[in-house]
Asker: 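The following block contains the structure, expressed as structure tokens.
Numbers here are sequence positions counted from 1. Each ligand, and each atom within it, is numbered from 1 in the order the structure gives. These figures come from a predicted structure and were not determined experimentally.
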Amino acid sequence: MPEKTVQQLYDLKGKTCLITGASGYLGKAMAHALAEAGGRVIVTSRDQNRAKKIAAQLPDPNHSNHIGGILDYMDFDKLPDQFQTITDQVDAIDVLINNGHEHCPNDWKDISGTQFTKVLSNATGYFLLSRLTYELAINTGSPASIIMLGSMYGLVASYPDAYKDLIPASSVAYHTLKGGILQMTRHLATYWAEDLVRVNSLSPGPFPSESANQEMVERLKSYSPMRRMGFPEELKGAVVFLASDASSYMTGQNLVVDGGWTAN
Ligand SMILES: NC(=O)c1ccc[n+]([C@@H]2O[C@H](COP(=O)([O-])OP(=O)(O)OC[C@H]3O[C@@H](n4cnc5c(N)ncnc54)[C@H](OP(=O)(O)O)[C@@H]3O)[C@@H](O)[C@H]2O)c1
């Protein structure tokens, strides 16, 4: 077999990529990245119309017809049927991006047990959707790449001074969740590698949206070696790398895109 060129390695033509949270700040950029790299994108949202609208706005260089579908990964009972409805429309799922996140703003001072458990349920949803994708890959006999959105806050502790007297600190439940997602990545990767299903994490550093508290953003900048926050487009290359054959010998790893934050 001739060696693939770098363009061929990164090309997502012919690959079907399902992404959750595609309506969000980072998910929108990642959905665009998958489409721009030539993939067929299944945009999912808890809102059917929102999913269809975003799918219709994506570039489609290969005329592969992106799909918008309803999917709530926190509704564990309905999830298998929702997944089936979506996958009935395609031959296989080559790429799954577990990117959605159901937020809870409360920090360690006042988060309730119910709220804490709900945040952790994001991991349950990531797992169930990954397993459905794995089972489909086995049934269709096609390899798959699963990407879990972690966070630098799954690697490092919070920064109390960045939040003090402004807003609640980064959530203890969020740190617990994202650390767990990195470990789930390693666990599933070792079980599924033989079946050609790769599992990796992508951990962004600070990418605050415009609605974030600007004083907090200024404080965060002072912690960053680059002295700035990330922009959503700065995740596009990483997500295409993990989704594509460019990362075909990589599984169980965590790719950190954080402006050097965790290098300290
Ligand atoms: N922004 C950052 O600085 C940063 C840093 C590190 C890691 N991350 C991680 O990156 C990912 C994206 O972050 P973001 O800032 O783009 O978040 P965001 O703007 O708040 O978007 C989150 C998305 O999750 C979807 N969602 C929520 N609950 C869901 C559920 N039960 N089922 C399916 N989808 C659900 C929502 O879509 P619908 O309402 O359309 O369903 C929403 O678009 C998250 O996993 C986050 O933890 C973000």
Side-chain angles (χ1 to χ4, degrees), residues 18-33 42-55 57 68-80 82-83 86 96-105 118-130 132 146-156 158-159 162-163 167 170-171 173-182 184-185 201-213 216-217 220-221 223-224 228-236 238-239 242 254-259 261-262:
L18 189 158
I19 178 165
T20 64
S23 64
Y25 182 58
L26 302 181
K28 210 171 272 180
M30 288 188 233
H32 273 263
I42 305 177
V43 169
T44 68
S45 165
R46 289 166 296 177
D47 182 306
Q48 176 81 45
N49 291 335
R50 195 183 300 150
K52 282 185 182 295
K53 197 172 157 198
I54 294 166
Q57 289 166 348
I70 193 162
L71 198 147
D72 181 347
Y73 64 75
M74 299 280 259
D75 191 336
F76 308 142
D77 294 332
K78 286 196 186 139
L79 185 58
Q82 291 177 339
F83 185 78
I86 287 170
L96 166 67
I97 320 273
N98 268 314
N99 162 71
H101 179 68
E102 209 162 313
H103 290 277
C104 171
K118 182 111 194 262
V119 172
L120 297 186
S121 296
N122 280 283
T124 313
Y126 278 27
F127 165 66
L128 293 174
L129 197 48
S130 298
L132 287 166
I146 297 175
I147 302 168
M148 311 276 197
L149 262 290
S151 167
M152 76 178 191
Y153 274 169
L155 294 165
V156 293
S158 187
Y159 296 82
Y163 304 95
I167 53 173
S170 59
S171 161
Y174 185 76
H175 285 251
T176 311
L177 168 75
K178 293 300 187 178
I181 283 173
L182 301 187
M184 174 164 63
T185 296
S201 301
L202 173 58
S203 286
F207 285 74
S209 69
E210 279 146 24
S211 62
N213 181 295
M216 184 266 303
V217 170
L220 285 180
K221 284 181 190 171
Y223 290 97
S224 167
R228 70 169 178 86
M229 303 288 94
F231 299 108
E233 68 177 30
E234 293 182 297
L235 291 176
K236 286 173 122 182
V239 83
L242 290 177
N254 179 37
L255 183 55
V256 184
V257 181
D258 67 353
W261 190 298
T262 54

Asker: Specify the protein heavy atom at minimum distance from atom 36 (C) of ligand 1: its residue, its atom name, and the distance to 0.1 Å.
Answerer: R46 NH2, 3.7 Å
Asker: What protein heavy atom sits nearest atom 34 (N) of ligand 1, and how far away is it?
Answerer: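 Of the protein heavy atoms, Y73 CE2, 3.6 Å lies nearest.
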Asker: For a 4.5 angstrom cut-off between non-hydrogen side-chain atoms, does N254 reach T185?
Answerer: no
Asker: Give the residue, atom name and distance (to 0.1 Å) of the protein heavy atom nearest atom 25 (C) of ligand 1.
Answerer: G21 CA, 3.6 Å
Asker: Assess, by modelled atom type and distance only, whether the side chains of S201 and S203 contain a donor and an acceptor separated by less than 3.5 Å.
Answerer: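 No, because no side-chain N or O of S201 sits under 3.5 Å from a partner of the opposite role on S203.
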Asker: Mind checking whether K178 has a heavy atom under 4.0 Å from ligand 1?
Answerer: yes
Asker: Check ligand 1 against M74 and write out every atom of the ligand that is under 4.0 Å from a heavy-atom position of the residue.
Answerer: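 Answer, ordered by atom number: 31 (N).
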Asker: Determine whether the side chain, the backbone, both or neither of Y153 has a heavy atom under 4.0 Å from any heavy atom of ligand 1.
Answerer: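 For Y153, there is no contact with ligand 1 at all, from either part.
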Asker: Among all protein heavy atoms, pick out the one at the shortest distance from atom 47 (O) of ligand 1; state its residue, atom name and that distance to 0.1 Å.
Answerer: Y174 OH, 2.7 Å
Asker: Heavy-atom contacts with S45 under 4.0 Å: which atoms of ligand 1 show up? List them by number with element.
Answerer: 38 (P), 40 (O), 41 (O)
Asker: Does ligand 1 have any atom that is closer than 4.0 Å to a heavy atom of T20?
Answerer: no
Asker: Can you sort out which atoms of ligand 1 are near G24, meaning under 4.0 Å from one of its heavy atoms?
Answerer: 16 (O), 19 (O), 21 (O), 43 (O)
Asker: Are more than 12 heavy atoms from other residues, nucleotides or ligands located less than 6.0 Å from atom NZ of K118?
Answerer: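 Result for NZ/K118: open.
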Asker: How far is atom 3 (O) of ligand 1 from its nearest protein heavy atom, and which residue and atom is that?
Answerer: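 The protein heavy atom lying closest is F207 N, 2.9 Å.
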Asker: Identify, for atom 12 (C) of ligand 1, the protein heavy atom at the shortest distance, and state residue, atom and that distance.
Answerer: N99 OD1, 3.1 Å
Asker: To check your reading of the model: name the closest protein heavy atom to atom 4 (C) of ligand 1, its residue, and the distance in Å.
Answerer: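 Ranked first by proximity to atom 4 (C) of ligand 1 is L26 CD1, 3.8 Å.
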Asker: Measure the distance from atom 24 (O) of ligand 1 to every protein heavy atom, then report the residue, atom name and distance (to 0.1 Å) of the closest one.
Answerer: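 Among all protein heavy atoms, the one nearest atom 24 (O) of ligand 1 is H101 N, 3.0 Å.
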Asker: Of all the atoms in ligand 1, which lie at a distance below 4.0 Å from a heavy atom belonging to G205?
Answerer: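 By the 4.0 Å cutoff, the relevant atoms are 3 (O), 5 (C), 6 (C).
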Asker: Ligand 1 versus L71, non-hydrogen atoms closer than 4.0 Å: side chain, backbone, both, neither?
Answerer: backbone
Asker: Would you say that more than 12 heavy atoms from the other residues, nucleotides or ligands in this model lie under 6.0 Å from the CD of Q57, or not?
Answerer: yes
